[in-house]
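To start, the structure under review is shown below, and the notes come after it.
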Amino acid sequence: MAGHVVPQKVYFVIFALLIGLTGLTTWVATLDMPSPWNTVVALAIAIFKASLVILFFMHVKYSSNLTRAAVVAGFFWLAILLVFTLSDILTRQWIPQSTGWTTTIESPH
Amino acid sequence: MSTTTLEPSIETHVHYLNVSYGIKSWLLTTDHKRIGLLYLASITLMFFVGGSAAVLMRLHLIEPQGGLVEPETYNKLFTMHGIIMVFFFLIPSIPATLGNFLVPMMLGARDLAFPRLNLMSWYLYMIGAIFTLSAIAAGGVDTGWTLYPPYSSAYSHTHVIMAALGIFIAGFSSILTGFNFIVTIHKMRAPGLTWFRLPLFIWAHYATSVIQILGTPVVAVTIALLALERLFHIGLFDPNVGGDPILFQHLFWFYSHPAVYIMILPGMGVMSELITCFSRKRVFGYSFIAFSSVAIAVLSFLVWGHHMFVTGQSVYAGLVFSALSFMVAIPSAIKVFNWMATLYKGSISYDAPMLYALGFVGLFTMGGVTGLFLSSLAVDVHVHDTYFVIAHFHYIMVGGAVMAYLGGIHFWWPKITGRMYPDGWARFAALVIFVGFNLTFFPQYMLGYLGMPRRYAVYPAEFQVLNVMSSAGASILGIGYLIPLIYLTWSMRYGKVAGPNPWKAKGLEWTTPSPPPTENFEETPVVTEEAYNYSAVGEEA
Amino acid sequence: MWSGFPLRPDQASTIAEGFDHLFYFETAVAIFFATFIFGTIFYFAIKYRRRSDDERPPEIEGSLALELTWTLIPSALCAIMFFWASSLYFTNSRPPTRALEVFVIGKQWMWHLQHAEGPREINELHVPVGRPVKLTMTSEDVIHDFFIPAFRVKHDVVPGQYHSIWFEATKTGKYHFFCAQYCGAQHSGMIGWVYVMSEVDYEQWLTGGAKNESMAASGADLYQKLACITCHGTGRAPAFNGIYGKPVKLTDGQTVTADDAYIRESILNPSAKIVEGYTPIMPTFKGQVSEEELLQLIAFIKSLGTEPQKP
Amino acid sequence: MAEHQAQSAVMDPLAHQFDDLQQQHEASNFGMWIFLATEVMFFGGMFAGYTIYRHEYFTAFAAGSHLLNWKFGATNTAVLICSSLTMALAVHAAQTGKRKALVTFLILTILLGMAFLGIKFTFEWSRDWNENLIPGELIAGHPFAPQGEILKQLQEAHAGLPQVELFMFFYFALTGFHALHMVVGIGLLTVLTVMAWQGRFSPERFNPVEGSGLYWHFVDIVWIFLFPLLYLIGGIS
Ligand code: HEA
Ligand code: HEA
Ligand code: CUA
Ligand SMILES: [Cu+2]
C-alpha cells in the first residue's frame with residue numbers, strides 16, 4: 001500500500017547532485033561560448049536536473065508505465081507546441097523575396 | 001424536474017431521480033447522472049441563446065444592405081453566436097451530458113473517480129456562462145469567436161475582457177471533465193472489462209479527454225495573456241512594440257483546432273453505439289474505429305496551421321500543416337467506411353435515433369471532404385474566410401455533431417427518464433432538421449466559392465439569391481429544433497414507461513433499471529463478452 | 001434572374017483557370033464520396049430493413065482487405081490533392097520579376113493604394129491587362145485581408161509586416177475586391193473595385209488625372225526633409241546605393257537581406273540590427289513617418305538600384 | 001441513502017465510488033499526474049511566446065536578463081531544491097508512519113517556500129518597482145520607464161526598450177504564475193501539517209501527502225527551467 005519506499009540516502013544524493021548542477025549552470029554562464037552553446041548547455045543541465053527530480057523525488061523510476069506515459073505525454077505535447085510554432089517563425093525569412101523591381105524614378109517603358 | 005410527479009410504475013423502484021427531492025438535492029449532488037442532467041439543462045438553454053443569434057443573423061442577411069440591425073450589432077451577433085455555440089454548447093454537449101451520464105455506467109462503475117470535481121466542473125461552466133452572458137447583456141462583444149489581436153486587444157470598444165474571462169473559466173470546466181474521464185476509464189473498469197471490450201463510446205471519450213487536458217490549458221493561458229495585453233498594454237501581440245499578432249493565432253489554434261475534434265469525437269462515439277444497436281450487429285472493424293479515435297486525438301495537435309495559410313505564416317510551415325491536415329482526414333474516413341460496412345446485412349430499423357445516425361454519416365462526409373478543399377493550400381487561398389468555410393464547419397458541427405447529440409439524446413432518453421418519447425414526432429423532427437439543414441448550409445458552399453467573405457453585415461447584391469435560400473432553410477431548421485424540445489419535455493411526464501432496455505441494446509447501461517439507481521448497479525457487473533454482441537439478442541427477448 | 005445567380009466567379013487572372021481545375025477535381029471527389037456514401041446508406045437501409053423483431057443478422061467481424069482499401073484509396077487521393085495544390089501555391093507565391101508594383105495600406109475601414117509611378121487611389125485599383133502586378137501590403141491598425149475573388153488571390157494585411165500577392169489579369173473589366181479578415185464595425189464596407197484596362201487605357205489613366213510624383217520621388221523628398229542625408233550622405237552611415245535586395249553584414253556576425261521589412265525595421269527600430277562597421281547613432285523615426293511615407297522611403301532606396309553611386 | 005454516504009465519508013476513508021483503498025490510491029495518484037500534465041501545457045503556452053521573442057529579440061532579452069540579479073536567482077534555486085528535499089523526506093516519513101518527522105518536514109518545506117517568496121518580494125520585485133521596470137501599465141501610474149544607470153546600460157547594449165519591456169513581461173508573467181503556484185502549495189501544505197498533527201495519515205493512507213508532494217516538486221521543476229531561461233541569458237559576468 002505504502003508504495004515503494006525509497007531509502008533516504010537516495011534523496012540526499014540527488015539533493016547534492018541538484019545543488020552541484022545549479023552551481024555548474026551558473027559557472028557555465030560565465031564562460032563565453034559561441035552563440036547557441038550557452039543556451040544549449042544551460043537547457044541540457046536544466047533538463048537533466050528536472051529528470052532527477054521526476055525520477056527520484058517524484059518516484060517515477062519506481063512507478064507504473066501509466067505514470068510514465070503521463071509524464072512523457074506532458075513533455076511531448078509541449079514539444080509539439082514549441083517545434084511547430086518555431087517551424088513557422090524560423091522559416092518565414094525563407095520566402096523568396098522578389099528583388100526584381102526595376103522601376104526607377106521615371107515611369108516604366 | 002425534482003417536482004415532477006412520477007407515475008406509480010416508475011415509482012416502484014428507487015432511482016437517482018426520486019431518491020431525494022428539492023433544489024438542494026440537485027445543486028449539491030455528486031451523482032454523475034444528476035450532474036449530466038444539470039449540464040443538459042444549461043446546455044440546452046445556451047443552444048437556444050446561440051440559435052436565436054443565428055436566427056437574427058439569417059434574417060438580417062435576407063437583404064444585401066442588411067435588413068435588421070446595424071453592422072456593429074451584426075458583428076456582436078456572430079461573435080456571441082460563435083462563442084456560445086463553441087465554448088458553451090458544442091464542446092460540453094456530448095461529453096458533459098451523455099458522457100457524464102454514461103461513462104461510469106458503461107464501465108460498470110458507481111460514479112466517476114472524482115464526483116466532487118465533477119460537480120465543480122458544472123459550477124465553473126455556469127460561472128463562465130454567466131460572465132459571457134453578462135458581457136452580452138452589458139453591450140456585447142464584437143471580435144469574432146477567434147478573438148484575433150490587435151483588434152481584440154487594442155481596437156475593439158466592447159466587453160472583450162468579460163467574455164474572455166468567461167471562456168477562461170469554462171475552459172477549466174472542460175479540463176475537469178476530461179480529467180475525470182481519463183482517470184475513471186483507466187482505473188474503474190468493471191472486472192473483465194478489458195480495453196478491447198470497451199464500447200467505442202468510451203474510446204471516443206478517452207480520445208476527447210486527452211485533447212481536453214492537453215489542449216485547453218494553452219487556450220486558457222493565451223486568453224489570459226490577451227486580457228493582460230488589453231488591460232495593461234503589455235505589447236505582447238502589438239506590432240508597434242515588436243509583438244507578433246500571428247503568435248496569438250498559433251497559440252489560439254493550437255487549442256482550437258484540436259477542439260474541433262473535442263466536438264466531433266464524442267459524436268462519433270455515439271454513432272458507433274447507434275449504428276450497431278439499430279442494425280443489430282457487431283461493429284465492423286472494432287479496433288480500427290477504436291484506434292482511429294486515438295490517432296485523431298494525436299494528429300489533431302499537428303495541423304493547427306491550416307487556419308493560417310494566408311495570414312503571413314511561413315509558406316514552408318503551411319506546406320507541413322497542409323500535409324498533416326490531409327493525414328488527419330484518413331482516420332475519419334476509416335470510421336465512416338466501417339459504419340457503412342456495419343449496416344451491411346444488418347437488421348436495420350428506422351427508429352428516430354437511427355435516422356439521426358444515418359444523417360450524421362452523410363452530412364459529416366460532406367463537411368469532411370470540403371475540409372479537404374480547405375487543407376489544399378492553393379484552394380484555401382481563395383476560399384479562406386468566405387462562406388465556404390462557414391458551410392464546411394456547419395456541415396460538420398451542425399450536420400454532424402448536433403445530429404449525433406440529438407441521436408444520442410433520443411437513444412438514451414428512456415434510460416435517462418424512464419420514459420419513451422412519441423416516436424412519430426421524433427422521426428418527423430429528424431426529417432425536418434435534415435431538410436432545413438441542407439437548405440441552410442448548402443447554398444453557403446456556393447456563396448463561398450463565388451467569393452462572399454464571412455462576417456459581412458452588408459454584401460453585394462449578386463449574392464442575394466443564395467442568401468435568401470439559406471435564410472429560408474434556417475427558419476425550417478429552427479422549427480425542427482423546437483419540436484424535440486417540446487415533445488421531450490412532454491414525455492418526461494406523459495411518455496410511455498420504457499423499461500430497462502427498450503431497444504434490446506447491448507451494453508452495461510441497459511442491464512440496469514431505467515432510470516438507474518444512484519449506485520447504477522445493484523452489484524458490480526462482471527463482463528464476459530465483447531461489446532456489441534448482438535448475435536445474442538434473440539435469446540434474451 | 002440567373003445572371004444574379006452565377007455558379008462560378010469570374011476567371012480573370014492567369015492563375016484562375018489552373019485553380020478552378022483543381023477545384024473541380026476536388027468537387028468531383030467530394031461529389032463522388034457524398035453520393036457513394038449517401039447511396040450506399042440508403043441502399044443498405046432499404047435492402048436490410050428489419051423485417052421481424054427477432055431477426056438475427058449474420059456476424060461479420062471485419063476485414064483487413066477492406067480496411068486497407070479504404071485507407072489507401074483516400075490516402076492516394078489526398079496525396080494527389082496535396083501535391084497538386086501545393087505546387088500551384090508555390091508557383092503562385094513567387095512574384096515574377098518585372099511586375100508593376102502597387103503599395104497597399106489597409107486601415108479601418110478603407111484601402112489606400114499607391115502605384116510606384118505615383119498615382120494614389122482609394123478603394124479602387126487600376127491595372128493593365130496582361131502584365132503582372134505585385135501588391136505589397138501593410139496595415140496601419142488591425143489585421144485586414146486583401147481578396148480579389150476573380151483573380152483567386154488573397155492575403156492577410158498585417159500591421160508591422162509586409163506581405164505581397166501578385167496577379168496578371170487576363171480580361172478587361174471591373175472586379176470586386178474585399179476585406180476578408182474581420183476588422184471591426186465597417187469590415188463589410190471595406191470593399192472596392194479592380195479596373196482591368198487595356199495597356200493603352202492604362203497608360204492614359206496613369207498620365208491623366210491629378211499629377212502625382214512617383215513614390216520614389218516622394219521618398220527622395222522625405223530623404224531630404226527628414227535629414228537622413230545628414231548622415232547617410234556623409235559616410236557616418238552606410239550609403240543606400242545598391243543595398244536593396246543585397247545581403248548586409250551585421251555587427252553580431254549575422255547577415256540579413258536588405259528587403260522591405262529590413263528597411264522598415266532599420267527606420268523604426270534602428271538599434272535592432274546594426275550594420276557592421278558603424279556605430280548605432282541613428283535615432284528612431286517611429287511616430288514621425290507614416291506607413292505611407294515608409295513605403296515611399298523604401299521605394300526611394302529601391303530606386304537607387306543595385307550599382308553603388310553617389311546620390 | 002445520502003446520509004449513509006455522508007456518514008461513510010467521515011468514518012471510512014474509502015469513497016463510495018471505489019471498490020477498495022488500492023483503487024482509490026491509484027486513481028488519486030494518476031489523477032495528480034494528469035493534472036500536472038495540464039500544468040505543463042499551461043506554462044507551455046507562455047514558454048512558447050518566450051521562445052519566439054527571445055529568438056527574435058535576443059539582444060534585448062540578454063540586456064533585460066542582465067537587469068536581474070542572478071545571485072538571487074541562484075539562491076532561490078538552492079532554496080527550492082532544499083524544499084524539494086524536505087518534501088521528499090516528508091513523504092518518506094508518511095510512508096513509514098513517522099508522525100513527528102512528517103510534521104517537522106512539512107513545516108520545514110513551508111518555511112523554505114516562504115523564504116523563496118520572501119527573497120522574490122523583498123530583493124527582486126520591489127527593486128523592479130523602484131526602478132520602474134514593471135512592464136506595461138500593470139500597475140496604474142507606474143509605466144515601464146527605466147532611468148539613469150539602467151537606461152544607460154540598456155542603451156549601451158543597443159537594446160530596444162519596447163523589447164526589453166517584452167522580456168520584463170515574460171519575467172513577471174512566468175515568475176508571477178510560478179509564485180502563485182507556490183502560494184497555493186504553501187496553503188496545501190499548511191492544511192496537511194494540521195492533518196498530520198492530528199494523526200490523520202498512516203502508511204495505508206497518505207494520498208494527500210503524496211499528491212501535494214508531486215505538486216511541490218513540479219513547481220520546483222518549473223523554477224529549474226526559469227532560472228537559466230530568465231537570469232542567465234547571454235551569459236553573466
Ligand atoms: C467539429 C468540428 C470540425 C471538424 C471535425 C473539422 C474537420 C476538418 N476540418 Fe475544419 N473547421 C472547423 C470545424 C471542424 N473541422 C471550424 C469551426 C473551422 C473554422 C474556424 C474559424 O475560422 O472560425 C474549420 C476550418 C477549417 C480549415 C481552415 C479554413 C480557413 O479558415 O481557411 C481547414 C483547413 O484545412 C479545415 C480542415 C478540416 C479537415 C481536413 C477536417 C477533417 O478532420 C475532416 C475529415 C473527414 C472526412 C474527410 C470525411 C470522411 C471521409 C470519407 C467519407 C472518405 C473520403 C475521404 C477522402 C478522399 C480523404 N477546417
Ligand atoms: C456548434 C456550433 C454551431 C451551431 C450549432 C451553429 C448553428 C447555426 N449557425 Fe453558426 N457559427 C458557428 C457555430 C455554430 N453555428 C461558429 C463558430 C461561427 C463563426 C462565428 C465567427 O465568425 O466568429 C458561426 C457563424 C455562422 C454564420 C456566419 C456569420 C458570418 O460570418 O457573418 C451563419 C450565417 O448564416 C451561421 C448560421 C447558423 C445557423 C442558421 C445555425 C442553426 O443551426 C441554428 C439553429 C438553431 C435555432 C434556429 C435556435 C432554436 C430555435 C428557436 C430559437 C426558435 C425560433 C426560430 C425560428 C422559428 C426560426 N453561423
Ligand atoms: Cu478590413 Cu476587414
Ligand atoms: Cu482546423
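Here is the naming used below: chain letters follow the sequence lines, and residue numbers restart at 1 for every chain.
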Are B/Arg282 and B/Glu530 ion-paired here, with the side-chain N under 4.0 Å from a carboxylate O?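 The answer is yes: the pair qualifies as a salt bridge.
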
One thing to verify: whether B/Arg454 and B/Asp385 come together as a salt bridge, which I'm taking to mean a side-chain N less than 4.0 angstrom from a carboxylate O. yes

In terms of heavy-atom pairs under 4.5 Å with chain C, which of [options] leads?
options                                : value
B/Leu372, B/Asn338, B/Val458, B/Thr370 : B/Asn338
B/Gly285, B/Ser349, B/Pro331, B/Pro71  : B/Ser349
B/Ala323, B/Ser279, B/Ser347, B/Gly451 : B/Ser347
B/Pro150, B/Gly66, B/Ser287            : B/Pro150
B/Leu343, B/Thr365, B/Val381, B/Val369 : B/Val381
B/Glu72, B/Lys281, B/Met452, B/Met366  : B/Lys281

Segment of [X] engaging chain C (4.5 angstrom heavy-atom cut-off):
X        : result
B/His384 : both
B/Phe364 : neither
B/Leu363 : both
B/Thr73  : neither
B/Val283 : backbone
B/Phe337 : both
B/Phe284 : both
B/Thr143 : backbone
B/Phe309 : backbone

Heavy-atom cut-off 4.5 Å, strictly under: side chain, backbone, both or neither for [X] against chain B?
X        : answer
C/Ile46  : both
C/Val153 : backbone
C/Glu265 : neither
C/Ile15  : neither
C/Ile31  : neither
C/Asp145 : side chain

Please tell me whether C/Trp193 and C/His176 form a close aromatic pair, meaning their ring centres lie under 6.0 Å apart.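 So the answer is yes for these two rings.
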
How about B/His382 and C/Phe19: are their ring centroids closer than 6.0 Å? yes

No-hydrogen, no-angle side-chain donor-acceptor test under 3.5 Å, [X] and [Y]:
X        : Y        : answer
B/Asn438 : B/Tyr395 : yes
B/Tyr449 : C/Asp20  : yes
C/Thr138 : C/Gln161 : no

If we define contacts as heavy-atom pairs under 4.5 Å, which of [options] has the most with chain B?
options                                : answer
C/Cys183, C/Gly189, C/Ser52, C/Ser87   : C/Cys183
C/Val158, C/Asp141, C/Thr71            : C/Asp141
C/Phe44, C/Trp70, C/Phe90, C/Phe38     : C/Trp70
C/Phe178, C/Tyr43, C/Phe83             : C/Phe178
C/Ala150, C/Pro159, C/Gly160, C/Ser139 : C/Pro159
C/Phe151, C/Phe82, C/Phe33             : C/Phe82

Would you please classify the geometry between the [Y] ring and the [X] ring as parallel, tilted or perpendicular, with 30° and 60° separating the classes?
X        : Y        : result
C/Trp84  : C/Phe25  : tilted
B/Tyr74  : B/Phe78  : perpendicular
B/Tyr151 : C/Tyr182 : perpendicular

Between [X] and [Y], is NZ or CZ placed under 6.0 angstrom from the six-membered ring centre and within 45° of the ring axis?
X        : Y        : answer
C/Arg264 : C/Tyr162 : yes
C/Lys134 : C/Trp166 : no
C/Lys154 : C/Phe147 : yes

Any residue meeting side chain to side chain donor-acceptor pair (under 3.5 Å) with B/Ser325, in chain and number order, not counting sequence neighbours: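 Counting only residues at least two positions away or on another chain, B/Ser325 forms a side chain to side chain donor-acceptor pair (under 3.5 Å) with B/His306.
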
Identify, with sequence neighbours excluded, every residue that meets side chain to side chain donor-acceptor pair (under 3.5 Å) alongside B/Asp380. none

